[in-house]
There are 2 protein chains.
Amino acid sequence: MKKMPKILVVDDEQDILELIRHALNKEGFEVHVAANGLQAIEQAKKIKPELILMDVMMPVMDGMEACRQLKENDETSGIAIVFLTARSEEFAELAGFEAGADDYIAKPIRPRVLLSRLKAILRRRNAIQSAPHETMSFSNLKIDRERFVVEYNGKTLQFPRKEFELLSFLASRPGRVFSRDEILENVWGNEVLVVDRTIDVHVRKIREKLDEKFIHTVKGVGYKFELD
Amino acid sequence: MKKMPKILVVDDEQDILELIRHALNKEGFEVHVAANGLQAIEQAKKIKPELILMDVMMPVMDGMEACRQLKENDETSGIAIVFLTARSEEFAELAGFEAGADDYIAKPIRPRVLLSRLKAILRRRNAIQSAPHETMSFSNLKIDRERFVVEYNGKTLQFPRKEFELLSFLASRPGRVFSRDEILENVWGNEVLVVDRTIDVHVRKIREKLDEKFIHTVKGVGYKFELD
DNA sequence: TATTAAATTAATATTGCATTCATAGCGCAG
DNA sequence: CTGCGCTATGAATGCAATATTAATTTAATA
């Protein structure tokens, strides 16, 4: 079994704490809890979680202050911090990002959203830590994720965002076929509703720019990236 | 026509039931209904829907309890469950989350929102549980489910979907004879009405591509995959 | 806010496959 | 040898999946 990430959940409401704990546990996370900012900092130093999910409003020390202190300390500055806020506007006012937060989730909590956001953040973290693959190179094609450009036959091409992301997603695993559902999940993300013909249109645009090469249709299944 | 997902809608209020049923029907879903938790469980076992859309508050057995029982049963644990809640009450949502719900939708119901949420959840399901991608290797034949190609004598061959699925089904248990009924069950799925001569035609096509090797006829019984 | 680009949907054309059909072949029982 | 039950084969058909183009909505930028 793969080692599952540790998550520290911080909230002063016992009920919510318990429920979140239980839910995350069921997904396989190693969950720890704390009831306020002070406890959170203490716990964080001890167990070194990958991520802290923290309510903003708490007694003793609120989430914002706890976040600042965690980000200042070398031991804990690498931990991703996600806030729970009553409403999304509130977050902007409270300037959570300035305090160093990585993301926030607005209450009321939507189960799917919570899980997928946490997973997305963890994934991104891992990707950043362990992927020197920022740019992908093939014979006459280079996908430079850092500069956000594609070099094809020596020429540098600017791709619109979706096209670029679609291409680099497919190219991330050459040969492997992805269904439209998989593509929507990975390139578009969770809450988006787009008709799947949309993908076809983007594929078409990419093909135009890359002379019909690289992206192949597997009828009834999906698309794949492959060198000829 | 592509096989549309089955959705079971559970609510004790007849009006709402009808409203939802109508909206989902129009989108092409196959809609079934139940009036309470008990009926829901019963129905779920019978028709195996992809998703259950269920009110929390119901007589006889409420949604929360029904959800727990559905998630405990192996037959039904894979079904996505979405709650209808009267108001976005945080606690109820989290409780539902714990009970194993996939999402919830707050009343009053807006058909558009309902549809897009349901579609998103179904898409996610498809994306995640997409068929096992293991590849099967034999002496001079490789069936690569990930790339959706067959390698035969070093040459890479593109197979149409049905041919590919038929071949990989037979090859999943080399030597074992499958009756046409078994093949239809597994490759076509029990919903589809297809004359069984269809299988013969696909077998023929596969044989052409693989030089009459691998697939053998057992007269009066069926077909089997076997190395010579 | 006007202007332009990009993303998405909608509308239509095209193609590749799955399926059926019609017919021929094979092996076996009588 | 003949008739029956099965499978093989090739060709014809209908339709579902994709390609393509145009139109519309959304987002970005000046």
Side-chain angles (χ1 to χ4, degrees), chain A residues 148-150 157-170 177-184 186-189 191-225, chain B residues 1-4 27-28 112 115-116 119-120 123 126 148-150 157-170 177-181 183-184 186-189 191-225:
Chain A
F148 215 82
V149 294
V150 175
L157 304 172
Q158 276 285 354
F159 272 53
R161 201 174 90 250
K162 286 284 175 207
E163 286 170 43
F164 185 83
E165 278 168 9
L166 175 55
L167 176 65
S168 63
F169 171 65
L170 292 174
V177 184
F178 293 97
S179 71
R180 287 188 170 68
D181 282 338
E182 286 177 296
I183 293 173
L184 286 178
N186 287 284
V187 177
W188 270 258
E191 292 301 308
V192 193
L193 178 71
V194 284
V195 140
D196 59 1
R197 301 274 114 251
T198 304
I199 298 172
D200 305 27
V201 176
H202 286 286
V203 166
R204 162 116 206 309
K205 299 246 186 78
I206 296 172
R207 280 173 172 161
E208 275 177 3
K209 289 174 185 146
L210 303 184
D211 305 327
E212 313 287 315
K213 293 186 168 80
F214 305 112
I215 295 187
H216 301 265
T217 304
V218 182
K219 202 169 169 173
V221 184
Y223 292 103
K224 66 175 168 179
F225 174 96
Chain B
M1 182 93 163
K2 199 168 131 185
K3 193 192 142 209
M4 290 307 284
E27 285 291 309
R112 295 248 172 264
L115 281 173
S116 59
K119 282 180 181 170
R123 195 172 58 226
N126 288 338
F148 217 84
V149 295
V150 175
L157 305 172
Q158 283 280 356
F159 273 54
R161 198 170 96 245
K162 279 277 135 87
E163 288 170 41
F164 186 83
E165 277 166 9
L166 175 55
L167 176 64
S168 63
F169 171 65
L170 293 174
V177 186
F178 292 98
S179 72
R180 287 189 170 68
D181 281 341
I183 293 174
L184 286 178
N186 286 283
V187 177
W188 269 259
E191 308 267 328
V192 191
L193 182 64
V194 180
V195 141
D196 60 359
R197 301 277 111 241
T198 303
I199 298 171
D200 305 26
V201 177
H202 282 106
V203 166
R204 174 84 224 313
K205 298 243 187 80
I206 296 172
R207 282 174 171 160
E208 275 177 4
K209 289 174 184 146
L210 303 184
D211 304 329
E212 313 288 316
K213 293 185 167 78
F214 304 112
I215 295 187
H216 302 266
T217 304
V218 182
K219 211 175 164 177
V221 185
Y223 293 102
K224 66 174 170 179
F225 174 95

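What you see below is based on every heavy atom in this structure, not just the backbone, and it leaves out hydrogens, waters and symmetry mates. Per chain, numbering begins at 1; letters A, B, ... match sequence-line order.
Between A:Y223 and the phosphate of D:dA19, there is a side-chain N or O to OP1/OP2 separation shorter than 4.0 Å. Side-chain N/O atoms of A:R180 include one lying less than 4.0 angstrom from OP1 or OP2 on D:dT18. Contact check, B:T217 against D:dA8: a side-chain N or O comes under 4.0 Å of OP1 or OP2. Taking only side-chain nitrogens and oxygens, A:R204 never comes nearer than 4.0 Å to OP1 or OP2 of D:dT18.
Among residues two or more places apart in sequence or in another chain, the side chain to side chain contact (heavy atoms under 4.5 Å, CB included) test is passed with A:V187 by A:E165, A:L166, A:F169, A:I183. B:E27 pairs by the side chain to side chain contact (heavy atoms under 4.5 Å, CB included) definition with B:F29, B:L115, B:K119, not counting sequence neighbours. Scored by the salt bridge (charged side-chain N to carboxylate O under 4.0 Å, His left out) test, A:D200 finds A:R180, A:R197 as partners (sequence neighbours excluded). Residues meeting the side chain to side chain contact (heavy atoms under 4.5 Å, CB included) test with A:F148, sequence neighbours left out: A:R161, A:F164.
We find that NE2 of B:H216 is positioned 22 Å from P of D:dC6, with the value rounded to whole Å. B:I215 places its CD1 atom 15 Å from the P atom of D:dT7, with the value rounded to the nearest Å. Taking atom CZ on B:F148 and atom P on D:dA17, their separation rounds to 13 Å, with Å as the unit. The distance from atom CG of A:D200 to atom P of D:dT20 is 10 Å, rounded to the nearest whole Å.
Nearest approach of B:Y223 to B:L170, heavy atoms of both residues: O-CD2, 4.1 Å.
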Scan the side chains in residues 212-220 of chain A for donor-acceptor partners under 3.5 Å anywhere in the protein, sequence neighbours excluded, and list what turns up.
from	atom 1	to	atom 2	distance (Å)
A:H216	NE2	A:E226	O	3.1
A:T217	OG1	A:R207	NH2	2.7

Task: Per-nucleotide protein contact string for nucleotides 17-30 of chain C, where B marks a base within reach and S marks sugar-phosphate only (heavy atoms under 4.0 Å, - for neither) - done: SSBB-----B----
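Residue B:F164 is out of contact with every strand shown, counting any heavy-atom pair closer than 4.0 Å.
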